Amino acid sequence: MKSKIMKLRPAVDKATLVFLAGLMWCGVGAMLISYSVIWLVPLTLLSQTIFSLAGVALALPIYYFGFLRLANKNLNRLLPLAEKRCLFSFMTWKSYLLVPVMVSMGIFLRHSPIPKPYLSVIYSGIGLGLFLSGIWYFRFFRMLVQAKQ
């Protein structure tokens, strides 16, 4: 019975897992950045510039002290894998449990009375931090693909 279930498991190699992690992080980052951009469009060019620069300034420490450390921790888990693993193992179970909490927080913030331009700073900071971390994953994906050749 167990072998039949194992045959149904969508198993992939570590390069695919690293690619999927990068794709997920970049995708969520791009989504958050797009919310930020939409909220800034109605503003003047000066206001857009100020809020955008504030978002970038927030993104750098979020990336370096937060998401980069998480990405490296995840890469340290994925890179030593020798055998194929389940397609969904690009994230830990703990991370899967954290996703609904983060989505709920995002929905709460979007529907809060906080003005959208100020939210754009938070969204672009977190979004750019996620996007940069996703690119970090792609760097390791490229190395894994080159190592196979």
Side-chain angles (χ1 to χ4, degrees), residues 1-41 48-49 51-112 114 116-149:
M1 178 71 171
K2 189 174 182 177
S3 64
K4 288 182 182 181
I5 292 173
M6 293 304 279
K7 287 181 182 178
L8 296 175
R9 182 180 71 160
V12 295
D13 64 356
K14 64 183 169 186
T16 304
L17 294 174
V18 170
F19 178 79
L20 287 173
L23 192 64
M24 180 66 72
W25 287 52
C26 280
V28 173
M31 180 191 70
L32 294 176
I33 292 168
S34 71
Y35 274 116
S36 177
V37 169
I38 290 168
W39 293 333
L40 292 178
V41 165
Q48 289 174 348
T49 304
F51 284 112
S52 297
L53 289 175
V56 170
L58 183 63
L60 297 177
I62 287 174
Y63 164 68
Y64 187 76
F65 296 112
F67 292 136
L68 184 60
R69 290 179 187 212
L70 287 172
N72 282 331
K73 187 176 177 182
N74 200 28
L75 284 164
N76 288 336
R77 180 182 63 83
L78 294 174
L79 293 176
L81 297 177
E83 60 187 42
K84 291 186 175 188
R85 293 291 172 106
C86 179
L87 174 72
F88 301 106
S89 65
F90 67 90
M91 284 184 2
T92 63
W93 285 108
K94 188 174 156 184
S95 296
Y96 277 108
L97 296 174
L98 188 61
V99 168
V101 172
M102 298 302 289
V103 170
S104 298
M105 286 174 49
I107 292 169
F108 173 76
L109 281 173
R110 280 196 308 276
H111 292 90
S112 73
I114 300 171
K116 297 298 189 240
Y118 294 104
L119 277 181
S120 74
V121 174
I122 297 167
Y123 269 59
S124 60
I126 294 171
L128 185 57
L130 282 167
F131 194 84
L132 292 172
S133 297
I135 292 171
W136 186 252
Y137 279 101
F138 291 139
R139 176 178 174 250
F140 284 90
F141 171 72
R142 187 182 72 211
M143 291 181 350
L144 289 169
V145 169
Q146 288 174 344
K148 281 184 181 179
Q149 296 173 352

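Keep in mind the model is a prediction, meaning the values are calculated, not measured.
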Distance-minimising heavy-atom pair for [X] and [Y]:
| X | Y | answer |
| --- | --- | --- |
| L144 | K14 | CD2-CE, 3.9 Å |
| R85 | L17 | CB-CD1, 3.9 Å |
| S89 | L78 | O-CD2, 3.8 Å |
| M24 | F90 | CE-CZ, 3.8 Å |
| S124 | G55 | OG-CA, 3.2 Å |
| G127 | L32 | CA-CB, 3.8 Å |

Sidechain-backbone polar pair: [X] side chain, [Y] backbone, donor-acceptor under 3.5 Å:
| X | Y | answer |
| --- | --- | --- |
| S36 | S120 | yes |
| K84 | P10 | no |
| N74 | L70 | no |

TODO: Tell me whether the centres of the aromatic rings in W39 and Y123 are closer together than 6.0 Å.
DONE: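 W39 vs Y123: aromatic centres under 6.0 Å.
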Task: Within the 6.0 Å centroid threshold, strictly below: F19 and Y137 - done: no
- [ ] Take the angle between the ring planes of Y96 and W93 and call it parallel below 30°, perpendicular above 60°, tilted in between.
- [x] tilted
From [atom1] ([X]) to [atom2] ([Y]), nearest 0.5 Å:
| X | Y | atom1 | atom2 | answer |
| --- | --- | --- | --- | --- |
| L60 | L132 | CG | CG | 7.5 Å |
| R77 | M91 | CZ | CE | 9.5 Å |
| L68 | L75 | CG | CG | 9.0 Å |

Task: Beyond-backbone contact of L79 with V18, side-chain heavy atoms, under 4.5 angstrom - done: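 Yes; the side chains approach each other to less than 4.5 Å.
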Task: Student check: side-chain heavy atoms of F140 and M143 closer than 4.5 Å - done: yes
Task: Donor + acceptor pair across side chains of S95, T92 (<3.5 Å) - done: yes
TODO: List the steps, then state whether side-chain contact (heavy atoms from CB on, under 4.5 Å) holds for M102 with V28.
DONE: CA-CA 11 Å; M102 298 302 289; V28 173; over 6 Å; no
- [ ] Please test F131 against W25 for side-chain contact (heavy atoms from CB on, under 4.5 Å), starting from the C-alpha separation and ending with a verdict.
- [x] CA-CA 6 Å; F131 194 84; W25 287 52; over 6 Å; no
- [ ] Show your working on side-chain contact (heavy atoms from CB on, under 4.5 Å) between I62 and F67 and close with a plain yes or no.
- [x] CA-CA 6 Å; I62 287 174; F67 292 136; 3.3 Å; yes
- [ ] Could you walk me through whether N72 and W136 pass the side-chain contact (heavy atoms from CB on, under 4.5 Å) test, one step at a time?
- [x] CA-CA 9 Å; N72 282 331; W136 186 252; 2.7 Å; yes
